[in-house]
Amino acid sequence: MFHDRKILYSGMQATGNLTIGNYLGALKNWNSLNEEYDCLFGVMDLHSLTVRQNPAEFRQRARSLYTLYVASGLDPEKNCIYFQSHVSGHAELAWILDCFTYMGELNRMTQFKDKSAKHADNINAGLYTYPVLMAADILLYQSDVVPVGVDQKQHLEITRDIAGRFNGIYGDVFTIPEPYIGRQGAHVMSLQNPEKKMSKSDENPNASVYLLDDTDTIIRKFKRAVTDSDTQVRYAPEEKPGISNLIEIYAAAENKTFEEVEKEFEGKGYGDFKLAVGEAVASMLKPMQEKYKELSKEKSYIDSRIKENDEKAQYMADKTLRKVQKKVGLTERIR
Ligand code: TYM
C-alpha cells in the first residue's frame with residue numbers, strides 16, 4: 001500500500017457530528033495532499049473518552065466518521081484509515097511520553113483550559129494528558145506532516161517539543177513532524193457567534209453547518225448567520241467578524257481569494273452573499289453526501305478495509321514502540 005514517500009498523519013475525534021470547520025480546516029487538505037504522501041488517518045476514539053459517551057451512539061458515530069473519511073474521497077485501499085483504539089501502541093507510547101512531559105507544559109494548553117471550563121464537573125486526568133496521547137499518535141508513525149486547523153497548532157508544538165526532548169536524550173528516535181495549516185478555512189467560526197470557533201459540540205444547531213445537513217438546512221443556517229449592520233462584503237476580521245468568516249468559508253469552498261470574493265459581491269447586499277455562500281457549501285458537500293449514503297450500505301466492504309488497515313497500522317506502530325521501549329531500557333521480550 002505504501003510507497004516510501006513521506007508520511008502524512010491526521011485524525012478527528014469521534015465526538016459529535018462533523019462540521020464544515022472540520023472539512024475546510026482538515027478533510028479537504030487531507031484530500032489535496034493525498035497523492036504526495038503515504039497517509040494514515042485515524043478515527044480518534046480514545047480521545048473522545050475524555051467526555052462521557054453513550055456507548056451505543058459512540059460506536060455508531062465512530063463508524064460513521066470512518067465512512068465519512070472514505071466518502072470525502074480518501075481511498076481506504078491507498079490510505080491507512082483505521083481506528084486508534086485498535087492499535088495498542090497509542091496508549092503504550094502515550095504512557096512513556098507522559099514521563100517526558102512536564103506539568104508546566106500541559107498547564108499552558110488553551111484547549112485544556114477551555115474544556116475544563118466547559119466540563120467543570122468532569123475535569124479528568126485524560127483531558128489533561130490529551131496532548132500527550134496526540135503526540136503519541138503522530139510520533140508512533142514517524143510522521144513528517146500533520147494537516148490540522150489552527151486550533152490544533154499548540155498541540156503540534158508540544159508534540160515537537162516532546163519529540164525533540166526524547167531525541168536529545170536517546171538519539172534520533174522520532175521524526176519531528178511539521179504542521180500543515182491551510183491558507184483558507186483553517187479557522188472557521190460559529191455562525192451565531194463569530195468570535196468563537198465552529199465546533200461539533202456546540203449546543204446551538206444553528207451555529208454549525210454539519211457535513212450531512214441537507215441543502216435547505218444549509219441555506220437557512222447561512223441566512224440566519226450573525227453579521228453586522230453595514231452592507232459591504234469586505235474582509236476585516238476585527239471589525240466585521242461575521243462577514244469575514246463567511247468570506248473565508250466561501251473563498252475556501254470556491255477556491256477563490258478574499259479579493260476575488262469582495263469583487264464578486266461589490267454593490268450587492270448581505271442577503272445575496274449569504275445565499276451564495278449557502279449554495280456554494282451545499283454543492284461542495286453534495287458528492288460526499290451521496291457517496292456516504294452508498295457506502296453506508298456496503299458494510300462488508302468497509303469491514304474488510306478496517307481489518308486490513310488496523311493490521312497495517314499496528315505493524316507500523318509496533319516498529320516504533322519496540323525501538324522506544326529498548327531505548328528507555330525496558331527489558332526485551334524473550335522469543
Ligand atoms: P477535532 O476532532 O476537534 O477536529 C478535527 C480537525 O478539524 C479541525 N477543525 C477546524 N478547522 C477549522 N475551523 C474549525 N472551526 C475547526 N474545528 C475543527 C481541527 O483543527 C482538526 O484538524 N485533537 C484532535 C484530533 C487528533 C489528532 C491527532 C489530529 C487526535 N490525535 C493526531 C492530528 C493528529 C482534535 O480534537 O481534532
Side-chain angles (χ1 to χ4, degrees), residues 7-31 33 39-51 61-62 65 68-69 72 80 82-85 87 89-91 93-94 97 109-112 114-115 118 126-127 129-160 162-163 177-202 207-211 241 245 248-249 251-253 313 317:
I7 303 279
L8 179 150
Y9 188 92
S10 203
M12 297 197 188
Q13 284 198 65
T15 322
N17 293 321
L18 291 200
T19 71
I20 54 166
N22 299 122
Y23 183 79
L24 297 174
L27 209 44
K28 187 168 183 253
N29 295 328
W30 299 2
N31 274 284
L33 295 169
C39 301
L40 292 114
F41 300 108
V43 171
M44 298 310 188
D45 47 0
L46 293 176
H47 277 99
S48 306
L49 294 176
T50 55
V51 176
R61 223 180 305 112
L65 181 57
L68 260 175
Y69 286 0
S72 78
C80 185
Y82 75 103
F83 285 84
Q84 181 190 30
S85 63
V87 177
H90 289 258
L93 181 61
L97 297 181
M109 296 291 116
T110 51
Q111 191 161 313
F112 172 67
D114 293 349
K115 293 209 171 163
K118 213 162 148 195
L127 200 57
T129 57
Y130 178 113
V132 188
L133 179 58
M134 181 156 162
D137 303 334
I138 296 167
L139 301 178
L140 206 45
Y141 300 95
Q142 306 292 352
S143 313
D144 295 285
V145 64
V146 184
V148 285
V150 167
D151 61 320
Q152 296 299 318
K153 195 164 170 250
Q154 203 183 26
H155 291 158
L156 254 296
E157 280 158 13
I158 194 174
T159 301
R160 289 167 57 87
I162 297 169
E178 294 287 339
Y180 175 96
I181 295 175
R183 258 186 324 123
Q184 286 165 353
H187 206 193
V188 176
M189 308 308 274
S190 152
L191 297 188
Q192 292 298 311
N193 176 2
E195 311 281 338
K196 228 175 71 179
K197 87 164 180 178
M198 185 181 285
S199 156
K200 300 185 203 106
S201 52
D202 202 308
S208 308
V209 173
Y210 301 112
L211 298 192
N245 186 38
E248 174 124 15
I249 294 171

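Keep in mind the model is a prediction, meaning the values are calculated, not measured. Atoms within each ligand, like the ligands themselves, are counted from 1 in listed order. Hydrogens, waters and symmetry mates play no part in the numbers below; they use all other heavy atoms, side chains included.
Nearest non-hydrogen protein atom to atom 20 (O) of ligand 1 is Asp151 OD1, 2.5 Å. Nearest to atom 10 (C) of ligand 1 among the protein's heavy atoms is Gly21 O, 3.4 Å. From the protein, the heavy atom lying nearest to atom 31 (N) of ligand 1 is Asp137 OD2, 2.6 Å. Nearest protein heavy-atom contact of atom 29 (C) of ligand 1 is Gly11 O, 3.3 Å. Annotation: atom 36 (O) of ligand 1 to nearest protein heavy atom, Tyr130 OH, 2.7 Å.
Distances shorter than 4.0 angstrom occur between a heavy atom of Gly185 and an atom of ligand 1.
Within the 4.5 Å cutoff, no side-chain heavy atoms of Ser201 are placed close to those of Thr15. At a threshold of 4.5 Å between non-hydrogen side-chain atoms, the residues Glu195 and Pro241 count as touching. Inter-residue side-chain proximity for Val146 and Gln152 is flagged as unmet; no heavy-atom pair is nearer than 4.5 Å. Leu27 is not listed as a side-chain neighbour of Asn22, based on a closest heavy-atom distance of 4.5 Å or more. With contacts defined as side-chain heavy-atom distances shorter than 4.5 Å, the pair Leu191/Asn245 qualifies. With a 4.5 Å cut-off on side-chain heavy atoms, Gln111 and Gln154 do not count as touching. Looking at heavy atoms from C-beta onward, Val209 lies out of side-chain contact with Thr19 at the 4.5 angstrom threshold.
Remark: side-chain polar atoms of Ser143 are paired, donor with acceptor, to backbone N or O of Ile138 under 3.5 angstrom. Under the 3.5 Å distance criterion, the side-chain polar atoms of Lys28 are matched with a main-chain donor or acceptor of Ala252. Judged by distance alone, the side chain of Arg61 and the main-chain N or O of Asn17 form no donor-acceptor pair under 3.5 Å. Proximity of a side-chain donor or acceptor of Ser10 to a complementary backbone N or O of Pro147 within less than 3.5 Å is detected. Formation of a donor-acceptor pair under 3.5 Å by the Gln84 side chain with backbone atoms of Gly42 is not found in this model. Put simply, the side chain of Gln184 never gets that close to the backbone of Glu248: no donor and acceptor are under 3.5 Å apart.
Considering backbone and side-chain N/O of Gln152, one or more are found under 3.5 Å from N/O of ligand 1. Below 3.5 Å of separation, one finds no N or O of Pro147 facing any N or O of ligand 1. Backbone and side-chain nitrogen or oxygen atoms of Val148 are examined, and none is located within less than 3.5 angstrom of a nitrogen or oxygen of ligand 1. Distances between N or O atoms of Asn22 and those of ligand 1 include at least one value under 3.5 Å. For a threshold of 3.5 Å applied to N or O pairs, the pair formed by Tyr9 and ligand 1 contains no separation below that value.
Of the listed residues (Glu248, His90, Met198), the one carrying the non-hydrogen atom nearest atom 17 (N) of ligand 1 is Met198. In the candidate list Pro177, Gly149, Pro131, Gly149 is nearest to atom 22 (O) of ligand 1, counting heavy atoms. Of the listed residues (Val188, Leu18, Leu156), the one carrying the non-hydrogen atom nearest atom 13 (N) of ligand 1 is Val188.
Near Ala186, with a cut-off below 4.0 Å to any heavy atom, the atoms of ligand 1 are 11 (N), 12 (C), 13 (N). Of all the atoms in ligand 1, the ones that sit under 4.0 Å from a non-hydrogen atom of Gln13 are 2 (O), 36 (O). Those atoms of ligand 1 with a heavy atom of Met12 less than 4.0 angstrom away are 2 (O), 5 (C). Each of the atoms 30 (C), 31 (N) of ligand 1 lies under 4.0 Å from some heavy atom of His47. Atom numbering of ligand 1 starts at 1 in the shown order; those under 4.0 Å from a heavy atom of Gly25 are 11 (N), 12 (C). Close contacts between ligand 1 and Ala26 involve ligand atoms 6 (C), 7 (O), 22 (O) [criterion: under 4.0 Å to a heavy atom].
Within the 4.0 Å heavy-atom criterion, the part of Val146 lying near ligand 1 is the side chain and not the backbone. Contacts of Ser199 with ligand 1, taken as heavy-atom pairs under 4.0 Å, are absent altogether. With a heavy-atom cut-off of 4.0 Å, Thr19 does not touch ligand 1 at all. Within the 4.0 Å heavy-atom criterion, the part of Met44 lying near ligand 1 is the side chain and not the backbone. At a heavy-atom distance under 4.0 Å, only side-chain atoms of Lys200, from C-beta outward, approach ligand 1.
Considering Leu97, Thr50, Leu46 as possible partners of Leu133, the one that fulfils the side chain to side chain contact (heavy atoms under 4.5 Å, CB included) test is Leu46.
Under the 6.0 Å cut-off for aromatic ring centres, Phe112 and His155 do not qualify, their centroids lying 6.0 Å or more apart.
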